[in-house]
Number of protein chains: 2
Amino acid sequence: MKKISRIYAGYGVSQTPMTIYKERRIRMVIEIKNLFKEPEKYLNQEIEIQGWIRTIRSSKKFGFIEVNDGTFFTNLQVVFDEKLENFKEVEKLPISSAIVAKGLLVETPGAKQPFEIHAKEIMVEGYSHKDYPLQKKRHTFEYLRTIAHLRPRSNTFNAVFRVRSLTAFAIHKFFQERGFVYVHTPIITGSDAEGAGEMFTVTNFDLANVPLNDENKVDYTKDFFGKETNLTVSGQLEAEAYALAFKNVYTFGPTFRAENSNTARHAAEFWMVEPEIAFAGLKENRELAEDMMKYIIKYVMENAQEEMKFFNSFIDKGLIDRLENIVSADFGCITYTEAIDILKKSGEQFQYPVEWGIDLQTEHERYISEKIFEGPVFVIDYPKEIKAFYMRLNDDGKTVAAMDLLVPGVGEIIGGSQREERLDILEKRIEEIGMYKEDYWWYLELRKYGGTKHAGYGLGFERAIMYMTGMTNIRDVIPFPRTVRSAEF
Amino acid sequence: MKKISRIYAGYGVSQTPMTIYKERRIRMVIEIKNLFKEPEKYLNQEIEIQGWIRTIRSSKKFGFIEVNDGTFFTNLQVVFDEKLENFKEVEKLPISSAIVAKGLLVETPGAKQPFEIHAKEIMVEGYSHKDYPLQKKRHTFEYLRTIAHLRPRSNTFNAVFRVRSLTAFAIHKFFQERGFVYVHTPIITGSDAEGAGEMFTVTNFDLANVPLNDENKVDYTKDFFGKETNLTVSGQLEAEAYALAFKNVYTFGPTFRAENSNTARHAAEFWMVEPEIAFAGLKENRELAEDMMKYIIKYVMENAQEEMKFFNSFIDKGLIDRLENIVSADFGCITYTEAIDILKKSGEQFQYPVEWGIDLQTEHERYISEKIFEGPVFVIDYPKEIKAFYMRLNDDGKTVAAMDLLVPGVGEIIGGSQREERLDILEKRIEEIGMYKEDYWWYLELRKYGGTKHAGYGLGFERAIMYMTGMTNIRDVIPFPRTVRSAEF
């Protein structure tokens with residue numbers, strides 16, 4: 001520890017005199033990303049880089065360090081030799097130690113890497129330890145989940161979480177370029193958007209002493225909000241209110257399900273993208289979803305080329321082809337009724353039998369997308385019984401204007417609908433399924449005061465990341481996943 | 001209700017034949033934003049617009065409607081006359097009815113508005129009612145909070161929430177352009193980042209039957225996550241883990257405080273922006289905060305000109321001057337110790353007496369920013385006792401490398417610090433204040449395995465919106481605010 005203190009001497013002592021000052025530090029330090037993007041600017045010059053040691057090997061007289069500074073997927077090679085004052089210290093540095101290296105950037109024709117640094121000086125910013133849990137050998141994803149604070153330093157997770165960041169930004173960029181207003185719908189809510197239960201309770205009660213009322217029921221009037229509150233399962237209802245003011249809006253935030261299912265596709269906390277568009281029906285909704293999917297895939301393929309190549313080589317061999325196929329494909333469209341016909345006539349042995357009225361299972365969805373359409377396809381007009389109360393009743397009285405987007409390899413990735421804007425029909429539907437109109441007073445008022453045709457959909461953000469990276473467990477695309485019996489970190 | 005059904009006949013019936021199709025609807029409908037941005041493209045042409053009636057007045061032979069379609073702050077004037085087939089219906093339309101208007105876009109030299117539509121046809125998309133609660137007369141903000149589902153249709157809230165959306169995007173854009181990785185830190189957490197308490201509990205227990213263990217304490221092993229969990233108060237600790245993998249990262253998500261304070265500045269649910277930068281100290285941190293503030297203000301002033309003019313006229317007269325001042329100002333910097341000296345010598349009568357060691361109150365912060373610096377100023381190096389455990393101890397042993405950004409009119413808007421990267425000092429600090437090292441095992445490991453100098457800060461997103469709009473109550477910059485005893489909608 002002494003050494004580390006020595007290294008830091010002079011840092012952090014920020015006794016700035018009381019002056020209004022503007023002094024910009026001249027950045028001597030070059031981010032490794034910039035070396036790879038514009039090598040011609042730095043070649044044959046003395047530069048300084050910082051980063052963490054990914055691998056290190058040395059002989060008696062010289063050694064090689066692969067350094068990663070987090071700004072770029074590919075490591076930078078630093079060559080050092082015994083002329084370094086601290087050669088013996090450097091060659092023993094454990095993996096993940098943080099260093100600052102100064103030296104000449106030189107081309108390396110014929111070598112694996114395009115260039116390398118010949119170090120004149122290597123300073124240690126922060127030592128790592130021999131027992132660093134992320135050694136070079138290949139670890140299982142299961143093991144890496146137990147060190148979620150360190151796993152973004154591995155190739156796979158570094159790539160996953162950069163793609164996650166770029167995808168999130170692509171989503172914002174797509175909607176903002178089209179003038180959509182981003183609405184932060186509430187996380188804590190008194191209403192159950194889906195009418196589906198399985199919500200987490202939010203409370204300020206001491207759980208060992210929950211106050212009861214005269215009827216021996218929980219006295220929520222004494223809780224923080226004066227009523228029972230939960231974590232939201234969807235921002236849709238609130239987004240509808242804003243779509244009827246701004247025309248085009250979207251939410252993008254965390255949502256929650258207290259679902260006791262320990263699968264590779266379910267998390268208790270996940271992010272959702274929910275656009276909502278007014279003066280628009282299912283057709284505009286489908287077009288929006290198709291444009292959005294293509295936009296974000298294109299954006300990520302352009303801005304994370306190294307990461308995508310890595311996924312394509314080591315995680316999912318057909319990935320890039322499949323994504324390129326989506327970008328250039330015309331998305332299909334089929335009604336639920338047609339889909340059921342096809343499935344019944346397919347001769348395929350499904351685990352879940354097919355009958356008009358059933359909810360489509362992943363096996364059905366994948367069959368339609370992979371075998372029939374060989375690409376993305378919307379299924380629309382589902383039986384009203386298997387869909388949410390707010391979906392618009394079609395003129396047949398049996399189906400609603402729902403739409404699910406199915407993609408090869410995954411099945412459903414987007415679910416949406418045109419919303420029921422006719423007050424009388426919506427009220428009837430709410431009563432029919434045993435919900436209370438009073439709970440939805442404001443939602444119903446949206447229909448009373450200038451309600452218009454409107455539609456929207458939800459994209460499970462993690463499903464999208466899995467789709468774009470080829471990762472197959474939702475726990476591996478969330479920085480610190482929350483699942484049944486697991487809320488570490 | 002009959003009428004509404006009639007109008008919608010033909011919508012929503014989406015029996016698409018089973019074909020892979022690509023037919024893009026030719027958009028006849030022009031968004032009002034586009035008319036104002038590029039009028040020359042549409043003048044003297046027959047166009048179609050959609051939107052909601054903001055005001056309507058008519059005489060026997062003609063009338064005027066101000067229409068807003070949510071895409072632009074300024075209303076579009078539609079002139080109609082008795083030649084309309086449904087003139088008598090149209091002139092009686094209640095405010096907020098949704099219409100589609102077709103007609104010629106003509107210039108109106110000398111008039112308040114630059115152009116108007118001479119309607120040849122007006123169709124009613126959705127009727128409103130005479131009892132529409134948002135009539136033209138000026139309502140109090142208090143009243144409008146009770147109709148949070150409708151208030152974005154008013155000028156003020158339309159402007160507020162568009163600015164909120166643009167600010168959020170500007171933040172993403174700023175960080176992404178600099179290569180920062182956006183990290184979704186967890187909302188549900190088992191740890192208390194600030195060590196400050198006042199957290200909401202998240203549970204799946206039936207609150208009327210919370211299971212107790214043998215010691216008569218709550219048996220959290222039976223809860224959904226198998227442990228006690230809360231809503232996060234900050235994503236900082238997790239962001240640090242990612243900064244030590246990606247160098248530069250940021251979080252932007254909801255955070256929560258179960259604080260029982262019913263003030264204009266506190267909400268139970270609010271959004272926070274938290275960048276974290278590695279290989280960087282307080283100086284780089286200050287530069288980043290200054291650059292970010294200038295960037296987002298500039299972005300909003302450029303992209304919400306009408307809204308900003310509105311705020312400047314009706315909400316806060318000096319707003320635009322003050323914001324322009326920030327963009328061109330060099331932010332000051334002063335130590336806490338110097339600030340205390342100035343305050344003591346000021347001769348000012350403060351409500352809270354000034355002494356080295358106190359936490360600065362808003363009155364002190366505003367005095368320094370408004371009277372001494374007449375602009376934004378960082379105060380750095382606070383006494384360790386009044387700051388969080390993770391802040392880096394300065395060499396004087398008494399202060400920590402904290403930084404608060406104070407701005408005129410508000411006081412503190414950003415709080416940050418260099419983080420303690422020295423394992424031994426951090427462990428000592430954790431013990432000193434009675435926390436448990438075991439609870440922070442992974443946070444401490446970040447220091448063990450290649451920990452480097454790093455720093456970061458938090459921007460309360462709602463504070464920023466208040467600052468940029470002149471709105472003075474946090475309830476009026478959150479779409480559906482959650483505060484003590486209030487979680488409506």
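Numbered from 1 within each chain, the chains take letters A, B, ... in sequence-line order. Atom set for the values below is all heavy atoms of this structure, side chains included, hydrogens, waters and symmetry mates excluded.
- To the nearest 0.5 Å, the span separating CG on A:Leu231 from OG1 on B:Thr203 amounts to 10.5 Å.
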Give the C-alpha distance, both sets of side-chain angles, the deciding distance and a yes or no for side-chain contact (heavy atoms from CB on, under 4.5 Å) between A:Leu207 and B:Thr201.
CA-CA 9 Å; A:Leu207 293 194; B:Thr201 303; 4.1 Å; yes
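- Of the two parts of B:Val202, the backbone and the side chain both hold a non-hydrogen atom closer than 4.5 Å to a non-hydrogen atom of chain A.
- Interface residue B:Glu445: only side-chain heavy atoms are found under 4.5 Å from chain A.
- Both the backbone and the side chain of B:Arg153 come within contact range of chain A, with heavy atoms under 4.5 Å apart.
- Looking at A:Lys217, there are no atoms closer than 4.5 Å to chain B (heavy atoms on both sides), in backbone or side chain.
- Of the two parts of A:Leu393, neither the backbone nor the side chain holds a non-hydrogen atom closer than 4.5 Å to a non-hydrogen atom of chain B.
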Start with the C-alpha gap between A:Phe161 and B:Phe246, add the side-chain angles, then the distance that decides, and say whether side-chain contact (heavy atoms from CB on, under 4.5 Å) holds.
CA-CA 9 Å; A:Phe161 292 114; B:Phe246 286 109; 4.0 Å; yes
Evaluate the ring pair (Phe, Tyr, Trp, His ring centres under 6.0 Å) criterion for residues B:Phe205 and A:Phe200: first the C-alpha distance (whole Å), next the side-chain angles of each, then the deciding distance (0.1 Å), finally the verdict.
CA-CA 9 Å; B:Phe205 283 146; A:Phe200 287 105; over 10 Å; no
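- In this structure, the portions of A:Val181 lying under 4.5 Å from any heavy atom of chain B include both its backbone and its side chain.
- Proximity to chain B is limited to the backbone of A:Asp223, based on heavy atoms less than 4.5 angstrom apart.
- Between chain A and the residues B:Thr71, B:Asn158, B:Val183, the largest count of heavy-atom pairs under 4.5 Å involves B:Asn158.
- When heavy atoms are compared at a cutoff of 4.5 Å, A:Tyr220 approaches chain B solely by way of its side chain, counted from C-beta outward.
- Most heavy-atom pairs under 4.5 Å with chain B: of the set A:Ala268, A:Ala278, A:Gly375, A:Ala487, this distinction falls to A:Ala487.
- B:Glu269 is listed as a side-chain neighbour of A:Pro186, based on a closest heavy-atom distance under 4.5 Å.
- Atom NE2 of B:His129 is separated from atom NZ of A:Lys448 by 6.0 Å, given to the nearest 0.5 angstrom.
- The part of A:Leu150 that comes within reach of chain B is its side chain, from C-beta onward, which places non-hydrogen atoms under 4.5 angstrom from that chain.
- Ranked by heavy-atom pairs under 4.5 Å with chain A, the list B:Arg151, B:Arg162, B:Met403 is led by B:Arg162.
- Separation of the B:Phe480 and A:Tyr242 ring centroids falls under the 6.0 Å cut-off.
- Interface residue B:Phe256: only side-chain heavy atoms are found under 4.5 Å from chain A.
- A side-chain N or O of B:Ser165 and one of A:Gln176 form a donor-acceptor pair less than 3.5 Å apart.
- When each of B:Ile53, B:Val218, B:Asp131, B:Val377 is scored by its heavy-atom pairs under 4.5 Å with chain A, the top score falls to B:Asp131.
- Ring geometry, B:His149 versus A:Trp442: the interplanar angle exceeds 60°, so the pair is classed perpendicular (tilted spans 30 to 60°).
- The choice from A:Gly179, A:Ala243, A:Pro94, A:Pro133 that makes the most heavy-atom pairs within less than 4.5 Å of chain B is A:Pro133.
- Taking the six-membered ring where the residue is Trp, A:His184 and B:Trp271 present parallel rings, their angle staying beneath 30° rather than reaching 60°.
- Heavy atoms of B:Ala339 lying under 4.5 Å from chain A are absent altogether.
- When B:Ser97, B:Ala208, B:Pro481, B:Pro479 are compared by the number of non-hydrogen pairs under 4.5 Å with chain A, B:Pro479 comes out ahead.
- Interface check for chain A: of the options B:Asn204, B:Leu446, B:Ile187, B:Val210, the most heavy-atom pairs under 4.5 Å are formed by B:Ile187.
- Only the side chain of B:Pro254 comes within contact range of chain A, with at least one heavy atom under 4.5 Å from a heavy atom of that chain.
- With rounding to the nearest 0.5 angstrom, the CZ atom of A:Phe489 is 12.5 Å from the CG atom of B:Leu237.
- When each of B:Phe169, B:Tyr132, B:Tyr182 is checked for heavy-atom pairs under 4.5 Å with chain A, B:Phe169 comes out on top.
- Only the backbone of A:Ser486 comes within less than 4.5 Å of a heavy atom in chain B; its side chain stays farther off.
- Atoms OH and OG, on B:Tyr449 and A:Ser96 in that order, are 9.5 Å from each other to the nearest 0.5 Å.
- Distance check, rounded to the nearest 0.5 Å: CG of A:Asp69 to OG1 of B:Thr452 gives 11.0 Å.
- Looking at heavy atoms from C-beta onward, A:Arg485 lies out of side-chain contact with B:Lys227 at the 4.5 angstrom threshold.
- Contact annotation for A:Phe461: only side-chain heavy atoms (C-beta onward) come within less than 4.5 Å of a heavy atom of chain B.
- Neither the backbone nor the side chain of A:Phe175 comes within contact range of chain B; no heavy atom of the residue lies under 4.5 Å from a heavy atom of that chain.
- Interface summary for chain B: among A:Gly253, A:Ser154, A:Ala148, A:Gly51, the most heavy-atom pairs under 4.5 angstrom belong to A:Gly51.
- The part of A:Asn248 that comes within reach of chain B is its side chain, from C-beta onward, which places non-hydrogen atoms under 4.5 angstrom from that chain.
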A:Glu125/B:Lys453 under salt bridge (Lys or Arg N to Asp or Glu O under 4.0 Å): CA gap, chis, key distance, verdict:
CA-CA 8 Å; A:Glu125 266 274 314; B:Lys453 188 165 73 146; 5.9 Å; no
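- Each of A:Arg164, A:Glu488, A:Lys33 has some count of heavy-atom pairs under 4.5 Å with chain B, and the biggest count is that of A:Arg164.
- Looking at A:Trp52, its side chain never comes within 3.5 Å of a backbone N or O of B:Ala245 through a donor-acceptor pair.
- Interface summary for chain B: among A:Gly281, A:Pro152, A:Gly226, the most heavy-atom pairs under 4.5 angstrom belong to A:Pro152.
- Using a 4.5 Å cut-off between heavy atoms, A:Thr483 contacts chain B through its backbone alone, with no side-chain atom that close.
- Of the possible donor and acceptor atoms, one in the side chain of B:Arg482 sits under 3.5 Å from a partner among the backbone N and O of A:Ile188.
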